[in-house]
Amino acid sequence: MSVLRRAKTWEISESEESDAETKPELNRDESRPIITISTDLTETQTSEHKTVPSPATTSDSNQTSALSPPRPYGPDTPSPARKRRTKEEIEADRQTAREKKEARERQRAARAQEKEERRQEQQRRREAAENLKRLRPENCLRCLTVCVDPALLQQEGSDILLDTLATLEWRFSIESQQLPHSITWTRDLPQQGEDGNGSVREEQVVLVLDLTDFMDVVVSVRKMLQYEGEEGGVGSILSPLLECLNRDVKKVVTLLVTDSQPDYRSSACGVRLLDETLQSKLGMGDLDFEEVLVYLQLCKNISLVFLDGWQEVTNHVCAVTKALSKRPYKLLTERAEMPFCVDGSWASGVRVERDGSGLIQVWSKQIQQLNRVSPAVASAVTAAYPSPQLLLQAYQSLESEEDRKGLLAGLLVKSGGKERRIGPEISARVYHCLTAQNPQLVLD
């Protein structure tokens, strides 16, 4: 079946000719026969029935294609060329990326380090608070153990000591000591418990002797002094005591002399009655006995206390125990960073604000710690040099040592309506206080 229908003969009527003449401006395409082309043909129909396009159709298609706008990017139209980066630009971009990455890593590391520092600071504060809490007397008292030699339990009235310690809920133990008839103290150290060194022995030692044993000690010391300090052949009680003191010179030994007689309630009365006993039995005079006491106290650091019975011995042991419990906390609090503070109305110090107000008052108080330096003198110095740094710079600007010592000597001091100068002595002391390198230097 032919898809193109075409008239074999062109017949033009007169009316059509007249219309063509009257309307010459009409589009010629309207008078042409319409050629319909079916596009729904299959490939088989197209191959079987080959059509030949008419010249008119060809010309119309060419005209239509000429009038239609060209497509922007056809298959034959080349695309615009992309600008390619140079090696320098690529390397610069890579370098910028690396720098940004390194900056981020540095910030991350700085934040991590700051976080670790805050954690360590909090840990240090927590440990310091725990150590301070552990060193308080009420807590430190629980770490002390009173060690009693078994030989003391054989004396009458020694049960008073054990009953008192049990009533106070203090720890005590009965174990053999290096010195017979002695009482010592041990302190637990929790921070060293893992190393097997969980306790330390205190330096205080209390030696409880009756009157007979003490007389033997006096006789032994007297014989030793007669032989010009030779310690050979001394008594059985004094010999281990001297050996212990020779091994550890830091030991502080106290001799508690007890007796059932009520006359030994004071040291002076006890010495007097003991002197009478020694003079009557051993022929020793007052000077001999005083020489023995001086040797014990000054040469061997042995104190002597006369007590009346085990109740007073118990009170003495309790007092020493409480003193030992307070010692760590006192050592910690007395370790001040500004040791120039003295007792007085301003002993608590001067409050220093964040803006620095109050520092000049601290500087004035520091100068007043020197001997014979009044508040008026300190005010004159602080008025001329408001800070220690300014005074040190003034010292450095001078060449000779004498000029530095007398730098403050000419400052006027107004006190009580009168004026006077500081003088060379105080000026030299202030100079040595700020510039001396010897910590043992005596300023006055």
Side-chain angles (χ1 to χ4, degrees), residues 37-44 46-47 53 57-134 189-197 332 335-338 349-363 366 385-399 404 434-437 439:
I37 303 175
S38 176
T39 59
D40 297 334
L41 297 178
T42 61
E43 294 179 0
T44 305
T46 305
S47 61
T57 305
T58 305
S59 61
D60 292 342
S61 63
N62 294 335
Q63 186 177 3
T64 303
S65 63
L67 294 177
S68 62
R71 290 179 296 175
Y73 299 104
D76 299 334
T77 304
S79 61
R82 177 181 292 179
K83 184 179 179 180
R84 302 186 63 181
R85 297 184 299 173
T86 61
K87 293 182 178 180
E88 291 77 6
E89 294 176 349
I90 296 174
E91 187 64 26
D93 294 342
R94 291 179 179 176
Q95 183 66 22
T96 303
R98 285 195 297 268
E99 292 178 355
K100 291 181 178 180
K101 183 178 179 181
E102 292 176 356
R104 289 194 299 269
E105 292 179 354
R106 287 194 299 268
Q107 293 178 358
R108 191 181 300 109
R111 288 195 297 268
Q113 183 178 1
E114 184 179 358
K115 184 177 179 181
E116 180 65 19
E117 291 178 355
R118 287 198 302 267
R119 188 190 66 80
Q120 293 179 359
E121 181 66 21
Q122 293 176 358
Q123 182 67 19
R124 285 193 295 267
R125 291 181 179 179
R126 192 180 301 111
E127 292 178 356
E130 292 177 356
N131 293 335
L132 182 61
K133 183 178 180 182
R134 190 184 302 114
L189 300 177
Q191 62 271 19
Q192 298 182 2
E194 298 179 357
D195 300 336
N197 189 17
L332 181 64
R335 193 182 306 163
E337 297 180 357
M338 303 176 71
V350 179
R351 182 177 179 84
V352 179
E353 303 294 340
R354 292 187 176 181
D355 58 353
S357 59
L359 288 174
I360 191 169
Q361 286 82 3
V362 175
W363 168 225
Q366 185 176 2
Y385 303 97
S387 68
Q389 186 66 27
L390 295 177
L391 184 56
L392 290 175
Q393 292 177 1
Y395 285 143
Q396 294 175 0
S397 62
L398 299 177
E399 297 180 357
R404 296 172 184 174
L434 295 179
T435 61
Q437 301 295 328

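Only this structure's heavy atoms are used, side chains among them; waters, hydrogens and symmetry mates stay out.
A search for side chain to side chain donor-acceptor pair (under 3.5 Å) contacts involving Gln107 returns nothing, not counting sequence neighbours. Under the rule for a side chain to side chain donor-acceptor pair (under 3.5 Å), Gln122 has no partner lying at least two apart in sequence or in another chain. Glu88 pairs by the salt bridge (Lys or Arg N to Asp or Glu O under 4.0 Å) definition with nothing, not counting sequence neighbours. Here Arg119 pairs with Glu116 under the side chain to side chain donor-acceptor pair (under 3.5 Å) rule; sequence neighbours left out. In this structure Glu353 satisfies the side-chain contact (heavy atoms from CB on, under 4.5 Å) test together with Arg351, Asp355, Ser357, sequence neighbours excluded. Applying the side chain to side chain donor-acceptor pair (under 3.5 Å) rule to Gln361 yields no partners; only residues at least two apart in sequence or on another chain are considered.
Note that OG1 of Thr96 is 10.0 Å distant from CD of Glu91, once rounded to the nearest 0.5 Å. For the atom pair CG (Leu434) and CZ (Arg404), the distance works out to 13.0 Å, reported to the nearest 0.5 Å. Interatomic distance, Glu117 CD to Glu121 CD, rounded to the nearest 0.5 Å: 9.5 Å. Here Ile90 contributes atom CD1 and Arg84 contributes atom CZ; the two are 8.5 Å apart, rounded to the nearest 0.5 Å. With rounding to the nearest 0.5 Å, the separation of NZ in Lys101 from CZ in Arg94 is 13.5 Å.
Within the 4.5 Å cutoff, side-chain heavy atoms of Arg85 are placed close to those of Asp93. Side chains of Trp363 and Leu391 form a contact here, defined as non-hydrogen atoms less than 4.5 Å apart.
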* Output, in order, the C-alpha distance, side-chain angles, deciding distance and verdict of side chain to side chain donor-acceptor pair (under 3.5 Å) for Gln123 and Glu127. => CA-CA 6 Å; Gln123 182 67 19; Glu127 292 178 356; 3.2 Å; yes
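Crowding of Glu99 atom CD: a count of heavy atoms from other residues, nucleotides or ligands under 6.0 Å exceeding 12. Counting non-hydrogen atoms of neighbouring residues, nucleotides and ligands closer than 6.0 angstrom, the CZ atom of Arg124 exceeds 12 such neighbours.
The two atoms that bring Ser397 and Ala394 nearest to each other are OG-O, 2.6 Å, heavy atoms only. Residues Thr435 and Tyr395 approach most closely at CG2-CD1, 4.3 Å, considering heavy atoms.
A salt bridge does not link Glu102 to Arg98: none of the charged side-chain nitrogens sits closer than 4.0 Å to a carboxylate oxygen. Salt-bridge formation is not detected for the pair Lys133/Glu130: no Lys NZ or Arg NE/NH1/NH2 atom is positioned less than 4.0 Å from an Asp or Glu carboxylate oxygen.
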